[in-house]
Amino acid sequence: MAETHSLELLVQALRRLPGVGVKSAQRMAFHLLQHDRDGALQLARALEHATASVKHCSLCHTFTEDDVCPTCKDPRRDRTQLCVVETPADQAAMERTGAYKGLFFVLMGKLSPLDGVGPRDIGLQKLFDRIAAPAAPGEPEVREVILATNFTAEGETTAHVIAQALKGRTDVQVTRLARGVPVGSELEYVDLGTIAHALVDRR
C-alpha cells in the first residue's frame with residue numbers, strides 16, 4: 001500500500017518513542033486514523049500543551065510547570081537528604097514506595113563515554129552547586145547524598161564519579177542504594193518492595 005506523506009510523517013514521529021519500531025508505529029498510526037481520530041487530536045493537543053508548559057525545576061531539575069516543583073516546595077520533606085536519580089521516571093518510582101521523605105536531584109541522564117555523554121551533559125555541576133549552596137534561612141544543610149542511579153554500567157559509573165567528587169567533604173555523607181535492586185535493572189521497572197528494602201538498607 002502506498003502511504004501518503006502525512007501518514008509517513010506520523011509513523012516516523014511515533015517511532016521516536018522508546019521501544020517502538022516500524023510495525024508498532026504503523027499499527028498505532030492506522031488505529032488512530034481509522035478508529036480514534038478524536039483520541040489522535042486529544043493526543044496532539046496534550047503533547048503540544050506539555051511541550052509548551054513543562055520545564056525543569058530550578059532546584060532539583062525534574063519536570064514541573066512552575067519554577068520550583070511541588071516536592072521541593074513541600075515543607076514536610078527532610079531537607080538534610082538529597083536523593084540523586086537519573087530520570088523523572090526513577091524519581092516517581094522512589095516516591096511510590098513511600099519509604100523516602102527527603103528531596104531529589106534529577107540528573108536527566110547518566111554518564112556514557114561511549115555515547116559521548118559527559119558530566120556537562122547531565123548537569124553534574126548543578127548537582128554539586130546545589131550541595132555546596134548555603135541553606136535558606138531556617139533550613140538545614142544537606143547532610144546525606146543518596147546515590148540512586150540505576151545498577152547498569154552507566155549508572156554505576158555515574159554514582160562513582162559523584163561519590164569521588166564528594167569524597168573530600170566531611171560535612172556530607174554519601175550513600176548508595178543497597179544491592180537489593182537487581183544488577184542491570186532500571187528503577188522504573190523494579191517492584192516497589194525491592195526498591196523500599198534497598199533504600200532502607202542503603203550503605
Side-chain angles (χ1 to χ4, degrees), residues 17-19 46-47 50-51 53-112 117 119 121-131 133 135 139-140 142-163 165-166 172-203:
L17 295 170
L47 284 169
T51 53
S53 304
V54 176
K55 54 189 176 182
H56 294 292
C57 173
S58 61
L59 294 179
C60 75
H61 215 218
T62 195
F63 289 139
T64 181
E65 291 189 32
D66 302 315
D67 182 57
V68 178
C69 73
T71 301
C72 289
K73 287 180 182 176
D74 190 346
R76 297 168 297 178
R77 309 294 297 211
D78 182 354
R79 285 172 149 63
T80 66
Q81 292 183 321
L82 188 66
C83 182
V84 181
V85 295
E86 293 178 17
T87 67
D90 293 339
Q91 177 187 357
M94 294 289 289
E95 284 287 83
R96 289 196 300 272
T97 70
Y100 179 67
K101 303 299 182 184
L103 296 177
F104 289 92
F105 188 89
V106 182
L107 295 171
M108 289 294 177
K110 56 197 171 188
L111 294 176
S112 181
V117 180
D121 300 305
I122 62 171
L124 283 187
Q125 189 56 52
K126 187 172 182 179
L127 168 64
F128 299 143
D129 292 343
R130 167 83 183 275
I131 296 169
E139 291 189 358
V142 173
R143 297 298 181 194
E144 180 184 10
V145 175
I146 303 168
L147 301 178
T149 53
N150 292 308
F151 283 90
T152 59
E154 296 85 357
E156 291 279 27
T157 300
T158 305
H160 176 74
V161 169
I162 295 171
L166 299 175
V172 177
Q173 180 186 18
V174 179
T175 58
R176 180 80 166 110
L177 283 188
R179 289 287 180 169
V181 177
V183 174
S185 66
E186 297 183 4
L187 286 179
E188 183 181 359
Y189 304 110
V190 175
D191 70 277
L192 303 185
T194 298
I195 297 176
H197 283 297
L199 183 62
V200 171
D201 295 333
R202 66 183 181 275
R203 54 176 169 79

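Sequence positions, counted from 1, serve as the residue numbers for this chain. Computed from heavy atoms alone, side chains included, the values below leave out hydrogens, waters and symmetry copies.
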Does F151 reach the side chain of L187, with side-chain heavy atoms less than 4.5 Å apart? no
If you define the side chain from C-beta out and look only at heavy atoms, does anything of D78 sit under 4.5 Å from Y100? no
D67 side, atom CG; C57 side, atom SG - distance, nearest 0.5 Å: 7.0 Å
Test item: T71 and Q91 side chains (from C-beta on) under 4.5 Å apart, heavy atoms: yes
For S185 against V190, the heavy-atom pair lying closest together: OG-CG2, 3.5 Å
Could you walk me through whether L199 and L177 pass side chain to side chain contact (heavy atoms under 4.5 Å, CB included), step by step? CA-CA 6 Å; L199 183 62; L177 283 188; 3.9 Å; yes
Is H56 close to M108 at the side-chain level, that is, under 4.5 Å between some pair of heavy atoms? yes
Ion pair check, E188 and R96, cut-off under 4.0 Å: no
Spacing of CG belonging to L107 relative to OG1 belonging to T62, to within rounding of 0.5 Å: 11.0 Å
For L111 and P119, work out which heavy atoms get closest and say how close. CD2-N, 3.4 Å
Taking atom types as modelled, is there a side-chain donor on Q81 or E144 under 3.5 Å from an acceptor on the other? yes
Side-chain contact test, heavy atoms from C-beta onward, threshold under 4.5 Å: evaluate it for V84 versus V145 and give yes or no. yes
Do side-chain atoms of R79 reach the backbone of L103 as a donor and acceptor pair under 3.5 angstrom? no
From K110 NZ over to T149 OG1, what is the distance, rounded to the nearest 0.5 angstrom? 9.5 Å
Hey, are the side chains of V117 and E154 touching, using non-hydrogen atoms and a 4.5 Å cut-off? no
Once you round to the nearest 0.5 Å, how far does OG1 of T158 lie from CG of L124? 7.0 Å
Give the minimum heavy-atom separation between A93 and L192, together with the two atoms involved. O-CD2, 4.1 Å
Rounded to the nearest 0.5 Å, how far does CZ of F105 lie from CD1 of I146? 15.0 Å
Using side-chain heavy atoms (C-beta onward) and a distance below 4.5 Å, is T194 in contact with P182? yes
Less than 4.5 Å apart, side chain to side chain, heavy atoms only: is that true for P70 and T64? yes
In D90, V200, T97, the residue satisfying side chain to side chain contact (heavy atoms under 4.5 Å, CB included) with I195 is T97
Using atom types as modelled and distance alone, determine if a side-chain donor or acceptor of S53 lies under 3.5 Å from a backbone N or O of E65. no
Dump the intermediate steps for side chain to side chain contact (heavy atoms under 4.5 Å, CB included) on E156 and R176, then the final yes or no. CA-CA 10 Å; E156 291 279 27; R176 180 80 166 110; 3.2 Å; yes
For the atom pair SG (C72) and CZ (R130), what is the distance rounded to the nearest 0.5 Å? 5.0 Å
Can you see which heavy atom on V85 is nearest to which on M94, and at what distance? CG1-CG, 4.3 Å
Is it true that atom NE2 of H197 has more than 12 heavy atoms of other residues, nucleotides or ligands lying nearer than 6.0 Å? no
Stepwise, does the side chain to side chain contact (heavy atoms under 4.5 Å, CB included) test hold for V172 with L82? CA-CA 10 Å; V172 177; L82 188 66; over 6 Å; no
